[in-house]
Amino acid sequence: MNLERAAKRLGINLQRLQSLQETIIKTSSWPEPRLLRFEKEASGVEAGTVIFESGEVVFGYPKIRRAMMLAPALEKHFPDTLAVEEKMNGHNVRITSVDGEVIALTRGGFVCPYSSEVARKILPEGIFDADPDLVLCGEMVGPENPYVPKSIYPTDTIDFYLFDLACKNSKKTLGVHKTHQFADEHRVKSTALLGEFHKDRAAEKIKRTIKQLGRRGREGVVIKDPENKVPALKYTSSEANCNDLAFAFRYYNDYALDFFISRAVREGFQSVEWLETPDERKARALRLGESILMPLVETIEKKQAGENIVQKVQIRVRSLQTAREFEFHLRRSGIRAIFGSPEPIDDGYLIRISKLIMSTNDKTQALLEGEMW
Ligand code: ATP
Ligand code: MG
């Protein structure tokens, strides 16, 4: 492992880098290529940053902060104009090429065997030929996304949408215009660019956009400085907030309290900022309430009927090796899952997976038997 080179690229000294090893920096030897990954942020290096054997670095994708009160947040944060992109709801991948192999890194800096196979299938052959240092940052979405399955996008399996470009060994990303230009030239799908506005007019435009997106079950927007002068912000639809809540209440004992509170609070701010009529506010309250109660009732009744609380997802793989590797990958990420026997399909296999939601399962059983909270 060429740590000296990596340290220089990370902008920290070698001793510091070595002292972080095995505490914050973890080794991942599998699947190939071997790498070191920052499990947490340290010395200004983003979590999810990886170092390859050669000492090459792929920086973690930066955290995106959330606007709660849109108009003042935009006014305060952006210098002048801003670009609005759709925020897609799936999982973040950084796709790059290492020794000629295309790999997809997860947010945490693992090579995901399934996402890597998907990337190889979807991306045009030779996309990294001209520049092997390129890193494609984007979202994998669709019903066969085993992390965040969603049937709201135009795919019946899984697809990739580019939203940023980076280069190995460089912290900065290339920004909105270069990203969309690259996507056009290479015929790669990219997250929709919904418009560019001056910050004074943007809040009103975004409000309208968010309402439309929400009606289509879409998540929201990411608001970016076209010149990359300041970091991006995110803002989501009420429908997306409520969908998250419904999901989390279905598995209520497996989520941290903050997940619930932050989403409920967003609804309060949006309702106030948008000066809702009493009827609109009632509709929001109903949506919010239903997203809490309905999934709870379903979970409790399911357990009462003797069923286990599981989340069913599925993937489509070309090789059984990928499925086996993905099984291992989930296990090492701390997710317990049962893989069904592979069902042969046209160009590979369909694998049904049941993710065990242990804590909610056991808690619900105990409460039904009269245990105290
Ligand atoms: P974060 O720490 O980045 O906020 P999070 O897990 O809370 O992580 P999200 O709330 O989903 O993530 O918001 C950020 C994520 O949104 C990005 O990491 C990226 O995967 C995803 N995303 C979807 N569409 C876009 C887009 N157009 N531009 C940038 N990121 C996008
Ligand atoms: Mg997301």
Side-chain angles (χ1 to χ4, degrees), residues 38-41 45-49 58-68 73 77 82-95 104-110 112 115 118-119 135-142 145-150 152-153 155 158-166 171-183 188-196 206 209-210 213 216-226 228 230-245 247-248 255-256 258-263 265-266 333:
F38 278 70
E39 203 155 68
K40 297 195 196 97
E41 186 272 351
V45 178
E46 198 78 50
T49 298
V58 171
F59 282 90
Y61 194 72
K63 272 197 93 59
I64 301 180
R65 299 190 65 198
R66 175 180 299 274
M68 293 294 276
H77 183 77
L82 46 85
V84 180
E85 264 181 27
E86 179 174 353
K87 180 177 196 301
M88 301 190 79
N89 201 355
H91 72 286
N92 179 304
V93 287
R94 286 163 289 152
I95 305 174
L105 297 167
T106 63
R107 203 78 213 280
F110 284 111
C112 169
S115 309
V118 171
V135 180
L136 309 183
C137 308
E139 199 82 350
M140 287 203 173
V141 298
N145 178 329
Y147 304 105
V148 189
K150 292 278 171 197
I152 50 179
Y153 299 109
T155 168
I158 184 166
D159 212 343
F160 172 74
Y161 287 82
L162 185 74
F163 54 64
D164 221 335
L165 289 174
K171 217 174 185 163
K172 66 177 204 307
T173 61
L174 303 186
V176 173
H177 293 303
K178 287 211 173 101
T179 302
H180 288 275
Q181 197 185 331
F182 177 92
V188 177
K189 287 182 190 154
S190 59
T191 52
L193 183 54
L194 302 168
E196 273 181 59
I206 293 173
T209 304
I210 284 284
L213 287 170
R216 295 163 56 212
R218 299 295 184 91
E219 188 180 18
V221 297
V222 178
I223 309 156
K224 302 178 176 180
D225 186 324
N228 249 351
V230 294
L233 294 183
K234 58 190 178 188
Y235 190 76
T236 52
S237 67
S238 174
E239 289 81 355
N241 299 337
C242 290
N243 277 334
D244 280 2
L245 281 171
F247 186 81
Y255 278 82
D258 184 63
F259 189 94
F260 302 96
I261 295 169
S262 62
R263 281 162 182 77
V265 172
R266 288 176 206 168
S333 318

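Order of listing sets the numbers, starting from 1, for every ligand and every atom in it. Predicted, not measured: the structure shown is a model, and the values here were computed from it.
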For I95 and M140, run side chain to side chain contact (heavy atoms under 4.5 Å, CB included): C-alpha distance rounded to whole Å, both residues' side-chain angles, the deciding distance at 0.1 Å, then the answer. CA-CA 11 Å; I95 305 174; M140 287 203 173; 4.2 Å; yes
Going through the checks in order, is the side chain to side chain contact (heavy atoms under 4.5 Å, CB included) test met by R65 and H77? CA-CA 11 Å; R65 299 190 65 198; H77 183 77; over 6 Å; no
Within-shell test, R65 vs ligand 1, heavy atom, strictly < 4.0 Å: no
Quick one about D164 and Y61 (side-chain donor to acceptor, distance below 3.5 Å, no hydrogens or angles considered), yes or no? yes
Angle class for the Y161/Y153 ring planes (parallel below 30°, perpendicular above 60°, tilted otherwise)? tilted
Please test I152 against R216 for side chain to side chain contact (heavy atoms under 4.5 Å, CB included), starting from the C-alpha separation and ending with a verdict. CA-CA 8 Å; I152 50 179; R216 295 163 56 212; over 6 Å; no
of all protein heavy atoms, closest to atom 24 (N) of ligand 1 is M88 N, 3.0 Å
Contact region, H91 to ligand 1, non-hydrogen atoms below 4.0 Å, reads neither
Test your reading of the structure: does I64 have an N or O sitting under 3.5 Å from an N or O of ligand 1? yes
Which protein non-hydrogen atom lies closest to atom 22 (N) of ligand 1, naming both residue and atom, and how far is it? F163 CE2, 3.6 Å
If you define the side chain from C-beta out and look only at heavy atoms, does anything of V265 sit under 4.5 Å from M68? yes
Indicate the atoms forming the closest heavy-atom contact of T106 with C112, along with that distance. CG2-CB, 3.6 Å
Side chain, backbone, both or neither: K63 near ligand 1, heavy atoms under 4.0 Å: both
Using a 4.0 Å heavy-atom threshold (strictly under), name the region of Y61 that reaches ligand 1: side chain, backbone, both or neither. side chain
Does K224, backbone or side chain, put an N or O under 3.5 Å from an N or O of ligand 1? yes
Protein heavy-atom partner closest to atom 20 (O) of ligand 1 - residue, atom, separation in Å: E139 OE1, 2.5 Å
Find all atoms of ligand 1 within a distance of less than 4.0 Å from any non-hydrogen atom belonging to E85, and give their numbers and elements. 26 (C), 27 (N), 28 (N)
When you measure from atom 18 (O) of ligand 1 to each heavy atom in N92, L193, L194, which option holds the nearest one? N92
Result of checking N243, D244, D258 against R263 for side chain to side chain donor-acceptor pair (under 3.5 Å): D244
Below 4.0 angstrom from a heavy atom of T191, which ligand 1 atoms are there? Numbered from 1 as shown, please. 27 (N)
Using heavy-atom distances only, which candidate in K87, R107, M140 approaches atom 13 (O) of ligand 1 most closely? K87
Can you sort out the partners of S190 under side-chain contact (heavy atoms from CB on, under 4.5 Å), two or more places apart, ordered by chain and number? L162, H180, A183
Which heavy atom of the protein is the closest neighbour of atom 10 (O) of ligand 1, given with residue, atom name and distance? K234 NZ, 2.8 Å
